[in-house]
Amino acid sequence: MESYENVNGIITEATLYLYQVHGTKKFSFGTWTSRQHVFAAIRADGMTGYGENIISVNQPDVSLEQWSARIKELTGRTVGDAIRYLRSNLGNWPDRLTEMAEMCLVDLWGKLVHRNALDLLGLSDRVPVNGVYVILSDDIDYVEERTRFAVSCGKTNYIKVKLFGDEELDVRVIRAVRKYLSPQDTYLIGDVNCGYRPRESRESVRGLEDTLKRLYEAGLNACEDPGMLERDQWTALQDSVSPLSLIPDYPMRPARKAEKWIVKGMGDIYNIHPGCSASILDAVSLAKRIKSLGSGLMIGDDSLIGPACSIWQQLAVGLGADWVEAVEKEGESDFYYRSVIALPTDSRRNPIGLRTTESGFGICLDEEILRQAAYKVVKVTL
């Protein structure tokens, strides 16, 4: 990665846009009825860097006071000094805020020096990466309907289904997809969110092994976070359930800690989770560590809807990931698409490649449209 220390351009202002996304999403651990997203725009020398993260779930009245106060600490600094300041405060700032602010600053860095962000981060891969089509429902009829939709729009290379820690229900969800798509057509991923072995569970790992073998027989290729496991339990379980691939996710958060903690064999594929990595710089370093273990890499999602989707898609391409889950959402991203002036990726088609190699992350938005759609807007100045 190139040095950011001497990147000039004084940060003069920032704007935070709060959006309410209403929609029910069921997980093994509970239900989301709303999500609160923040889009950030940080400005220096006439350039704007963009970022996004979720500030809360099921908290429509969440305050932006803490986030805006922290962002104000960046004003008056050069972009290079602001990145250094973020790095020196890892763990002191909220991780989600750090990740969003860093996106903006890396985008600004590239725009100020007229260089593509992937080049600055030392990422040389440019092969397009398949986006994952995600089906999040315990309604079998809906799962089938969404599978047929994926077929109609050519998004069947990788499909991910939400699983619920109920073996009978989860088998039915898997079979609903396999009713239309064979293993030759589709790599099928299931995410249980540790539903088979929550943190407080006394369930034996042997019982989990039997369950995973049954899910594999039903047609599952890979399982993300089947349960809360210790490091040696991950490696033993992967060895026992192969050829089903395990995908550690919760152990990968935040990236700065995961890089020191993970070992070879915890899974065939490791998930770098957007929204929870706390730093895209650390995520890049973690990805290199994963590759050094000889393991596969996926870029996950955190139900993101805006500029963070394109940023993580670009990182997935630059890192040579096996697939990327962070894609704009049907319906939920409509207002964001209306604001787009320039966007170097298009997740509506597979595979996702870079259409342009603009400076920074190449994102340009009409902020008046963002303002009109926002639930709340906070502007921070010097």
Side-chain angles (χ1 to χ4, degrees), residues 1-2 4 39-40 49-54 83 86-87 90 95-96 98-111 115-132 134 158 247 249 252-256 258-259 262 269-292 295-328 333 342-347 350-363:
M1 186 179 76
E2 297 192 18
Y4 51 78
F39 288 11
Y50 295 100
E52 174 198 1
N53 215 334
I54 292 178
I83 296 174
L86 274 184
R87 303 297 296 163
L90 290 172
D95 281 349
R96 288 180 173 275
T98 300
E99 184 176 314
M100 180 184 72
E102 198 177 85
M103 287 179 181
C104 297
L105 295 176
V106 172
D107 191 21
L108 264 178
W109 173 15
K111 288 171 178 173
R115 297 279 303 282
N116 179 266
L118 298 185
D119 291 336
L120 294 174
L121 295 173
L123 303 180
S124 58
D125 282 17
R126 292 296 182 272
V127 177
V129 175
N130 275 293
V132 176
V134 179
Y158 294 89
I247 306 176
D249 174 5
M252 310 299 290
R253 314 176 190 185
R256 64 182 181 273
E259 183 178 358
I262 62 171
I269 304 151
Y270 292 72
N271 179 21
I272 291 182
H273 196 290
C276 305
S277 289
S279 163
I280 58 174
L281 300 183
D282 288 341
V284 167
S285 183
L286 173 59
K288 292 178 179 178
R289 165 75 173 145
I290 291 167
K291 291 293 187 74
S292 76
S295 302
L297 168 68
M298 66 168 278
I299 300 298
D301 189 22
D302 198 35
S303 297
L304 298 165
I305 59 171
C309 293
S310 181
I311 290 169
W312 282 104
Q313 289 159 26
Q314 292 177 61
L315 290 171
V317 169
L319 290 166
D322 292 88
W323 66 78
V324 58
E325 188 183 331
V327 299
E328 293 82 358
S333 296
L343 193 65
T345 56
D346 185 354
S347 68
N350 263 334
I352 302 167
L354 303 184
R355 296 184 293 184
T356 60
T357 54
E358 299 293 334
S359 299
F361 287 115
I363 300 169

Looking only at atom types and distance, does a side-chain atom of [X] sit under 3.5 Å from a main-chain N or O of [Y], one as donor and one as acceptor?
X	Y	result
N271	I247	no
R96	G275	yes
K291	G296	no
N116	E358	yes
T345	L354	no
S292	R289	yes
E52	F39	no
N130	N350	no
D107	G360	no

If you compare all heavy atoms of [X] against all heavy atoms of [Y], which two are closest, and at what distance to 0.1 Å?
X	Y	answer
L304	P274	CD1-CB, 3.8 Å
P344	F361	CG-O, 3.2 Å
L123	G318	CB-O, 3.5 Å
W312	I299	CE3-CG2, 3.7 Å
T98	L86	O-CD1, 4.1 Å
I262	M252	CG2-SD, 3.6 Å

Query raised in the report: Taking C-beta and beyond as the side chain, do E259 and L286 meet within less than 4.5 Å on heavy atoms?
Result: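 Sidechains of L286 and E259: in contact.
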Query raised in the report: Got L281 and L121 here, is their nearest side-chain heavy-atom distance under 4.5 Å?
Result: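 When only atoms from C-beta onward are counted, L121 and L281 do touch, with a gap below 4.5 Å.
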Any chance you could measure [X], atom [atom1], to [Y], atom [atom2], to the nearest 0.5 Å?
X	Y	atom1	atom2	value
I280	S285	CD1	OG	13.0 Å
D95	C276	CG	SG	9.0 Å
Y50	I311	OH	CD1	11.0 Å
S359	L108	OG	CG	11.5 Å
I363	Q314	CD1	CD	6.0 Å

I'd like to know if [X] and [Y] make a salt bridge, using a cut-off of under 4.0 Å between side-chain N and carboxylate O.
X	Y	answer
E102	R87	yes
R126	D119	yes
R253	D302	no
R115	E2	yes

Query raised in the report: Just by distance, with hydrogens left out, do S347 and E328 show a side-chain donor and acceptor under 3.5 Å apart?
Result: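 The criterion, which ignores hydrogens and geometry beyond distance, is satisfied for E328 and S347.
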Report task. With I290 as reference, evaluate L319, L297, I269 under the side chain to side chain contact (heavy atoms under 4.5 Å, CB included) test and give the passing residue. Result ->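 Exactly one option meets the side chain to side chain contact (heavy atoms under 4.5 Å, CB included) with I290, and it is L297.
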Report task. Check the pair V129, I352 against side-chain contact (heavy atoms from CB on, under 4.5 Å), reporting the backbone distance first and the verdict last. Result -> CA-CA 5 Å; V129 175; I352 302 167; 5.5 Å; no
Query raised in the report: Could you go step by step and tell me if Q313 and E325 meet the side-chain hydrogen bond (donor to acceptor under 3.5 Å, both in side chains) rule?
Result: CA-CA 8 Å; Q313 289 159 26; E325 188 183 331; over 6 Å; no
Requested in this report: Using the six-membered ring wherever Trp is involved, compare the ring planes of W323 and Y158 and label them parallel, tilted or perpendicular (cut-offs 30° and 60°).
Outcome: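 It falls in the tilted class, 30° to 60°.
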Requested in this report: In sequence, state the C-alpha distance, the side-chain angles, and the governing distance for S277 and E99, and then conclude on side-chain hydrogen bond (donor to acceptor under 3.5 Å, both in side chains).
Outcome: CA-CA 7 Å; S277 289; E99 184 176 314; 4.5 Å; no
Requested in this report: Decide side-chain contact (heavy atoms from CB on, under 4.5 Å) for D282 and L90; before the verdict, give the C-alpha distance in whole Å, the side-chain angles of both, and the deciding distance to 0.1 Å.
Outcome: CA-CA 10 Å; D282 288 341; L90 290 172; 3.7 Å; yes
Report task. Would you please test L118 and L315 for side-chain contact (heavy atoms from CB on, under 4.5 Å) and show each step? Result -> CA-CA 7 Å; L118 298 185; L315 290 171; 4.1 Å; yes
Requested in this report: Verify side-chain contact (heavy atoms from CB on, under 4.5 Å) between V327 and C309, making sure each step is shown before the conclusion.
Outcome: CA-CA 5 Å; V327 299; C309 293; 5.8 Å; no
